[in-house]
Undergrad: 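Can you keep this structure in mind? I'll have questions shortly.
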Amino acid sequence: MSRYNPKVTEAKWQRQWDEAALFRAEQTPDKPKYYVLEMFPYPSGRIHMGHVRNYTIGDVLSRFYMSRGYNVLHPMGWDAFGMPAENAAMEKGTHPADWTYDNIAAMRTQLKQVGLAIDWSREIATCDPSYYGHEQALFLDFMEAGLVYRRESWVNWDPVDQTVLANEQVIDGCGWRSGAPVERRKLSQWFLKITEFADELLDDLKALERWPEKVRTMQENWIGRSEGLQFSFEIEGLEDRLEVYTTRPDTIFGASFCAVAVDHPLALKLAETNADLMAFIKECQRSGTSQEALEAAEKKGFNTGLVARHPFDEGSDLPIYVANFVLMDYGTGAIFGCPAHDQRDLDFARKYGLAVRPVVVPHDQSPDAFSVGAEAYTGPGRLAHSHFLDGMSIEDAQAHVIGLAEKGGWGRGQVTFRLRDWGISRQRYWGTPIPIIHCEHCGIVPVPRDQLPLVLPEDISFDKPGNPIAHHPDWKHTTCPRCQKPALRETDTLDTFVDSSWYFIRFTAPQSDRPIDRAAADYWLPVDQYTGGVEHAILHLLYARFFTRALKRCGHLDLDEPFAGLFTQGMVNHMTYRDEAGQWVFPSLVRENDAGALIRSDSGLKITAGRVEKMSKSKRNVVDPDDIIDQYGADTARWFVLSDSPPERDLIWTETGIEGAWRFTQRLWRLVSAAQGALVAPGTPVRADLSGDSLDLRRSVHKAIEGVTGDITGLHLNRAVARLYQLANAIAAADVPNIDPACYREALEMLVRLVSPMMPHLAEELWQSLGHKTMLTGAPWPEADPALLVEDSVTIGVQVGGKLRDTIDCAKDASGPDVEALALASDKVRRAIGDQTIRKIVVVPNRIVNIVI
RNA sequence: GCCCCUGUGGCGGAACUGGUAGACGCGCCAGACUCAAAAUCUGGUUCUCGCAAGGGAGUGUCGGUUCGAGUCCGACCGGGGGCACCA
C-alpha cells in the first residue's frame, strides 16, 4: 500500500480548486450569504503558527457554510501600514514600501500553501493608494459630518532623538533607542468624536449575543459610563471656584482633601509663581503618557496651600493638592478625596497624614466601631457621621446630595464616560496622509476630492530623527485650493487603527471606485463570524464599531454593528529552551542524546527546558509553518492546530502532537485504501433493516454527523476532532466481513466528508479514490438520520449518600419507582446501605439515583 | 494600580441547563509482527491501600449552598490578556 504523499496531493487539489474558482464569492439572491473573516495580518515577513491557527479556524467555517448552501465571502488582505516598516528602513535601509510588498508576496505564498478557501481576487493592502485614497475620502466625509476636530494632546517625547515615541517604545520611562528619560509634550493633533456615540456603543453591546461575554464586559468597562455629581468648591481667598466631578456624592462628609491634575489650569497658574510647584509638575511629567505608567506610579501630591470650602460642613475645609493620580482627561480633572471609601485616596491620605473618616458603614457593623485600616471600604452600607444623610442608603444619599446641589445652584447631576475621543494623528511616514492643507489665510482646508488619493512621497530619507514627511524637501509645500497662495500640507498620517476600521467593508467591493459600494455592503454585511486574538478585544473592535456608525451617519451604510459573531482565539505557545551558555535555542535544534539528555544538534551544548510561553522570536520558541508543511503537509498542520485545545484557549505546540496528527492522516489514508477492493459501487443505498454490528456502526456514524455538525456550529472544533478520532476508531474496529457493504461504504464516506473542512486536501483525494468523479469541496453537508440517534436504554449511576456505588442499565425514560427498584436490587448498593435507614431516594430520570441515608 | 479571563491525571484536554470526573489525543508500560529496528496492531494507564475482592482520596487553596458541586456563591493563591502611539 502506498503512503500518502501530501506534497503532491495538496498542490494538485489547490490547483484544481483554483481552476474551478470555487472560492470566488458570488453575490446572488438565490442563496443566503455568510461572511467569514479573520483579522487580517500585519505583513511582518513570514506567517507564524498563530496565523495558521486563526486562518484554519476561519477556513473550517468557510468550507462548512459553503457546503451548507451559503454564498460564502472569505477574503484576505494586509494591515500594511505601521512602525515595523519604518524600523526596518532605519535599521536596514530598505524602503518601507519595498519591505512591505516583499513581505506580502512571501506571506501570500505561505498562506496559499495552507490550502485556505479564500477569494484571493479580493485581496487588498492598506498601504496601497487604491485603498488609502478612499480612506482619505472617508476622513473628509467625517469632517463634513462634524466628527473630526483638532486639539492639543500629550505625546511621549524623546528629547535626544527629537521624536514622538509610541508607548511600547517607552521602556521604564526611557526612550528605547536613546535611553533618555521621556518627557511629555503637547502637540496639536486630529481627533475623531467617538464619544458622540458613547451611549450607543454601550447600549448596543447588549444585543451582540454572539460575542464573548468577556469582550462585552471589557468594552463596557472601557466606555465606563458613570452617573455622578459635578459641582464647584469655593476657594478661600480666590475668585475662581474649583470644579470637581465625583461618582460618590454620598461620601461628601468623608472628604478630607481636594486634588487637581498636574496639567489642570489651576496647577499651571499657581506654578507660574511657585517654583517648587513647577518643579513638582515637571517631575510628574517625566514619565510616559500611558495609563499604566501613570497609575502604577507612586501617588504623589503637592500641597498648594489653598483651601476649598466644604459646601455643608463649615468647620472642615479641604486642602487642595496637585496630584499625579488625578487625570485631566476624566471628569473635570479635579476631585475631592474621600480616603475611607476609595483606595487611591486612602493611599494618598496615609502618605500625607490626612484624615480618614468612614461615612458608609456595612450593614452588620455599628457606626461608632467601624474603622478603615489599609483597605478602603467600597461595599454597600448605611450613611453615618454625615449629618442629614445619616441612616440613608448609598443610592438615596447620592440622589439627595445631587438634589441639594441642583436646588442650591452649585452643582448638577452629570453622566460621565471614561471613553475619550480617538486621537488619530501620528508623526510618522508609513501611514495614510491626512488630506488637509494648512493655509495662513484660509486656515484648515481639505484637499479637494479630485486630488485624492494624496499619495505619500516615495523619495524619503530616514537619516534624521523625527517625522520623515516633515523633513521631505518639497512634499508639504503646496498651494491653497481656496486662495491659491502658498500653503503647507498636513504632515501627520493616520493611526493604523483607522485602516483596520473599515477593511472588512472594502472587502465587499474591493475594486469599486467609490470607498464603499452600497449594494455590495448591504448584501454581505454584517460579518457573520469574525475571528482573531483577544488582544484586540477593546481598541480595534470598538473603533470598528464606531466607524460603522460614523459611516452610517454619512450615508455609506445602513448598519450599526459590523460583526454579528465574534470569536477570540487563544495564542500558540511552545516550550522554551536555553543552552548552557544561556542562549535561547530554536526547538528545531533540540535533540535528545543517548543518555536522554537534551542537547543542541549544532554545538552539542546541553539544554534545559523552560516554561511554556507564547511563541516569540526573542525567545526563539517558534516553529516555522513552512517547515511543518514541508515535512507533514498542510492538512496535518491544520488538524493539529484544531485538535486538543479549545480554540478560545491557548494551544501548546508540541513535536509529539504534530506527529500524532501525522499518524492520523496516514491512518485515514490506510483505512480507505484498505477497503478499496471490497467496496460496493458509490451510491448503493443502505438497507433499512440493519442489525447487530452493522446497525451499531451506522449509529456511530450518524451520531458523529450530528455531533460534528453541532461542534462546528458552536465552534467547539477540538471536540469535533475528538469525535472524528472516535469515528475512525469505530470504523477501524469493525469486523469488515460481518458488516453490510453499503453500510461500510457509508461509514467511510461520512468520515471523509466530516473531516473535509479540517483536512480538505486529503478528503478530496480519498473522495476520489472512493470512486467519486466530482469534487467534495462545496458538496452538500451530510444529514444525520434522526431515527439512528435515539437510544432505548441508558446506564445511570446509583449513589448512596452522594457516593457512587454502582451503575444500572434501565429503559430510557423509565419511571421513578422502576428505577428505584432496580437500584435497590443491586448487591453493591445494599452493602453500602447496610443497616442504615433510608431517609429519601432522589431519582433523576436518565441521569442518577441518590439514596439518602 | 485598574479592568477582563484562566487553573481538572505524567501532559493537552472532555464532562449538555448542578447528576457515573478523566471522552479523545500525547506520553508511558506490557504483548503481537520482525533476524533486528522503524512503522503498524492488541491490551493497560488519576493517585493511594490491598495478592485479590474491595476500600479511601481526588478538578489551584480554604470556606459555604445542595440529596448531590469541576460546574453555583465568598475569600485567597498562581498564570495570561488589555490599559487609548505595537499590531
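Please read all numbers here as calculations on a predicted model, not as lab measurements. The sequence lines fix the lettering, A, B, ..., with proteins before strands; numbering per chain opens at 1.
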Undergrad: With rounding to whole Å, what would you report as the distance between B/rU17 and B/rG55 at their P atoms?
TA: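 These two P atoms come out 32 Å apart once rounded.
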Undergrad: In whole angstroms, how far is the C1' atom of B/rC83 from the CD1 atom of A/I538?
TA: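 Rounded to whole Å, this separation is 7 Å.
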Undergrad: I'd like the P distance from B/rU8 over to B/rG70, given in whole Å.
TA: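 Rounded to whole Å, the distance is 14 Å.
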Undergrad: Considering only the C1' atoms, how many Å lie between B/rG56 and B/rG50, rounded to the nearest integer?
TA: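 After rounding to an integer number of Å, I get 11 Å for this pair.
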Undergrad: Side-chain donor-acceptor pairs under 3.5 Å in residues 837-844 of chain A, sequence neighbours left out?
TA:
none

Undergrad: Which part of the nucleic acid, if any, lies within contact of A/P646, taking any heavy atom under 4.0 Å across all strands shown: a base, the sugar-phosphate backbone alone, or nothing?
TA: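 Sugar-phosphate, backbone atoms only, no base.
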Undergrad: Among the candidates B/rU20, B/rG1, B/rC4, find the nucleotide nearest to the side-chain atoms of A/A296.
TA: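 Ranking B/rU20, B/rG1, B/rC4 by closest atom to the A/A296 side chain puts B/rG1 first.
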Undergrad: What is the pairing partner of B/rA57, taking Watson-Crick or G-U wobble pairs with both distances under 3.5 Å in any strand?
TA: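 Partner of B/rA57: B/rU46.
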Undergrad: Between the base of B/rC67 and the side chain of A/N850, is there a donor and acceptor pair under 3.5 angstrom?
TA: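 Between B/rC67 and A/N850, which were checked side chain against base, a qualifying N/O pair under 3.5 Å is present.
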Undergrad: Indicate, with a heavy-atom threshold strictly under 4.0 Å, whether A/T795 touches base, sugar-phosphate, or nothing.
TA: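 Base contact.
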Undergrad: If I pick the C1' atom on B/rC85 and the same atom on B/rC76, what distance separates them, to the nearest angstrom?
TA: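 The answer is 38 Å between these two C1' atoms.
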Undergrad: Find the partner of B/rC72: check Watson-Crick (N1-N3 plus N6-O4 or O6-N4) and G-U wobble (N1-O2, O6-N3) distances, both under 3.5 Å, and reply none if neither fits.
TA: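 Paired with B/rG64.
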Undergrad: Please check the phosphate of B/rG55 (OP1 and OP2 only) for any side-chain N or O of A/K803 closer than 4.0 Å.
TA: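 False: A/K803 side-chain N/O out of range (4.0 Å or more) of B/rG55 OP1/OP2.
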Undergrad: Using atom P in both nucleotides, what's the gap between B/rG25 and B/rA15 to the nearest angstrom?
TA: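 My reading of the P atoms in B/rG25 and B/rA15 gives 16 Å.
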Undergrad: Quantified in whole Å, what is the C1' atom distance between nucleotide B/rU59 and nucleotide B/rU71?
TA: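 Taking atom C1' in both B/rU59 and B/rU71, they lie 10 Å apart.
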Undergrad: Taking the P atom of each, how far is B/rG80 from B/rG74, in whole Å?
TA: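 Nearest-Å result for B/rG80 against B/rG74 at atom P: 25 Å.
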Undergrad: In this structure, how many angstroms lie between the C1' atom of B/rG81 and the CG atom of A/D650, rounded?
TA: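 To the nearest whole Å, that distance equals 9 Å.
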Undergrad: Taking a pair as Watson-Crick or G-U wobble with both distances under 3.5 Å, which nucleotide is matched to B/rA14?
TA: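 Result: none.
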Undergrad: If you compare every side-chain N and O of A/N167 against the phosphate oxygens of B/rC86 (OP1, OP2), does one of them come in below 4.0 Å?
TA: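 It does not, given that no N or O in the side chain of A/N167 lies less than 4.0 Å from OP1 or OP2 of B/rC86.
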Undergrad: Between A/T496 and B/rA87, is there a contact of a side-chain N or O with OP1 or OP2 at under 4.0 Å?
TA: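 So the side-chain polar atoms of A/T496 do come within 4.0 Å of the phosphate oxygens OP1 or OP2 of B/rA87, strictly under.
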Undergrad: Would you kindly check whether a donor in the side chain of A/Q189 faces an acceptor in the base of B/rC85, or vice versa, at under 3.5 angstrom?
TA: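 Between B/rC85 and A/Q189, which were checked side chain against base, a qualifying N/O pair under 3.5 Å is present.
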Undergrad: For the side chain of A/A722, counting heavy atoms from C-beta on, which of B/rG12, B/rA87, B/rA23 is nearest?
TA: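 Of the candidates, B/rA23 comes closest.
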Undergrad: To the nearest angstrom, how far is A/W190 atom CH2 from B/rA84 atom P?
TA: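 Going from CH2 in A/W190 over to P in B/rA84 covers 24 Å.
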Undergrad: For B/rC26, take OP1 and OP2 only and decide whether either is under 4.0 Å from a side-chain N or O of A/R663.
TA: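 It does, given that an N or O in the side chain of A/R663 lies less than 4.0 Å from OP1 or OP2 of B/rC26.
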Undergrad: Could you tell me whether A/S425 contacts a base, only the sugar-phosphate backbone, or nothing, with contacts defined as non-hydrogen atoms closer than 4.0 Å?
TA: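 It contacts base atoms.
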Undergrad: I would like to know whether A/R426 and A/D495 meet salt bridge (charged side-chain N to carboxylate O under 4.0 Å, His left out); could you show each step before the answer?
TA: CA-CA 6 Å; A/R426 297 293 180 271; A/D495 179 6; 3.0 Å; yes
Undergrad: By nearest atom, which of the nucleotides B/rG12, B/rC3, B/rA84 is closest to the A/I652 side chain?
TA: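 Within the option list, the nearest is B/rG12.
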Undergrad: For residues 799-807 of chain A, which side-chain donor-acceptor pairs fall under 3.5 Å, sequence neighbours excluded?
TA:
from, atom 1, to, atom 2, distance (Å)
A/D806, OD2, A/S826, OG, 2.7

Undergrad: Taking only side-chain N and O atoms of A/R426, does any of them lie within less than 4.0 angstrom of OP1 or OP2 on B/rC85?
TA: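 Looking at the OP1 and OP2 atoms of B/rC85, one of them is under 4.0 Å from a side-chain N or O of A/R426.
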Undergrad: Would you indicate what A/R649 reaches in the nucleic acid, counting non-hydrogen atoms under 4.0 angstrom: base, sugar-phosphate, or nothing?
TA: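 Here A/R649 touches the backbone only, sparing every base.
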Undergrad: Is a donor-acceptor pair below 3.5 Å formed from side chain A/Q291 to base B/rC83, judging by atom type as modelled?
TA: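 There is none.
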Undergrad: Can A/R151 be said to sit on top of A/F191's aromatic six-ring, NZ or CZ under 6.0 Å from centre and within 45° of the ring axis?
TA: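 Yes, A/R151 and A/F191 form such a contact.
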Undergrad: Roughly, in whole Å, what's the span from CG in A/L419 to P in B/rC83?
TA: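 In whole Å, B/rC83 P and A/L419 CG are 15 Å from each other.
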Undergrad: Mind checking the P distance from B/rC47 to B/rG10? Whole angstroms is fine.
TA: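 It comes out at 7 Å once rounded to the nearest Å.
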Undergrad: Regarding A/R216 and the six-membered ring of A/W211, is the cationic atom NZ or CZ under 6.0 Å from the ring centre and inside 45° of its axis?
TA: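 Negative - A/R216 is either too far from the ring of A/W211 or too far off its axis.
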Undergrad: From the set B/rG56, B/rA84, B/rC3, return the single nucleotide nearest to any side-chain atom of A/L539.
TA: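 Ranking B/rG56, B/rA84, B/rC3 by closest atom to the A/L539 side chain puts B/rA84 first.
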Undergrad: At less than 4.0 Å, is any side-chain N or O atom of A/R611 found next to OP1 or OP2 of B/rG79? Yes or no.
TA: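 Checking A/R611 against B/rG79: no side-chain N or O falls below 4.0 Å of OP1 or OP2.
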Undergrad: For the side chain of A/R839 and the base of B/rC67, is some donor closer than 3.5 Å to an acceptor across the two?
TA: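 Answer is no: no donor-acceptor pair is held.
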Undergrad: Please work out if A/Q427 contacts a base, only the sugar-phosphate, or nothing of the nucleic acid, heavy-atom cut-off 4.0 Å.
TA: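 Base, at least one base heavy atom under 4.0 Å.
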Undergrad: Is there a side-chain contact between A/R667 and the phosphate of B/rC41, meaning an N or O under 4.0 Å from OP1 or OP2?
TA: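 A/R667 to B/rC41 OP1/OP2: side-chain N or O found under 4.0 Å.
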Undergrad: For A/V215, which contact category applies under a 4.0 Å heavy-atom criterion: base, sugar-phosphate, or nothing?
TA: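 The residue A/V215 makes no contact with any strand.
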Undergrad: Are OP1 or OP2 of B/rG25 and a side-chain N or O of A/N729 less than 4.0 angstrom apart?
TA: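 True: A/N729 side-chain N/O within range (under 4.0 Å) of B/rG25 OP1/OP2.
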Undergrad: Tell me whether A/E152 at atom CD has more than 12 heavy atoms from other residues, nucleotides or ligands lying less than 6.0 Å away.
TA: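 Yes, because the 6.0 Å sphere around CD of A/E152 holds more than 12 heavy atoms from other groups.
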Undergrad: Of all the choices, B/rC83, B/rU40, B/rC86, which nucleotide is nearest to the side chain of A/M83 once you look at every atom?
TA: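 Looking only at heavy atoms from C-beta outward on A/M83, the closest nucleotide is B/rC86.
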Undergrad: Go ahead and name the base partner of B/rC2; Watson-Crick or wobble counts if both distances stay under 3.5 Å, otherwise write none.
TA: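 B/rG82 - that is the nucleotide pairing with B/rC2, both distances being under 3.5 Å.
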Undergrad: Hey, does the side chain of A/N718 come within less than 4.0 Å of B/rA14's phosphate (OP1/OP2), counting only N and O?
TA: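 Indeed, a polar side-chain atom of A/N718 lies that close.
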Undergrad: Looking at the rings of A/Y503 and A/Y131, which for Trp means the six-membered one, are their centres under 6.0 Å apart?
TA: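 Not under 6.0 Å, so no.
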Undergrad: State the pairing partner of B/rC41; accept Watson-Crick or G-U wobble contacts with both distances under 3.5 Å, and report none otherwise.
TA: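 Its partner is B/rG31.
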Undergrad: Which label fits B/rG9, syn or anti, where anti is any glycosidic angle not within 90° of 0?
TA: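 Syn conformation for B/rG9.
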Undergrad: Would you mind telling me which of B/rC5, B/rG80, B/rG25 lies closest to the side-chain atoms of A/Y725?
TA: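 Output: B/rG25.
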Undergrad: Please determine, for the side chain of A/Y543, which listed nucleotide (B/rA84, B/rC4, B/rG19) has the closest atom?
TA: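 Ranking B/rA84, B/rC4, B/rG19 by closest atom to the A/Y543 side chain puts B/rA84 first.
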Undergrad: To the nearest angstrom, how far is A/I851 atom CD1 from B/rG19 atom P?
TA: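 These atoms are roughly 19 Å apart.
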Undergrad: Does A/R216 place a side-chain N or O at less than 4.0 Å from the phosphate oxygens OP1/OP2 of B/rC3?
TA: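 Looking at the OP1 and OP2 atoms of B/rC3, neither is under 4.0 Å from any side-chain N or O of A/R216.
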Undergrad: Can the ring centroids of A/W502 and A/Y543 be said to lie less than 6.0 angstrom from one another?
TA: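 No; A/Y543 has its ring centre 6.0 Å or more from that of A/W502.
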Undergrad: Is the terminal nitrogen or CZ of A/R184 (NZ for Lys, CZ for Arg) located under 6.0 angstrom from the six-membered ring centre of A/W157 and within 45° of that ring's axis?
TA: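 Verdict for A/W157: no cation-pi partner in A/R184.
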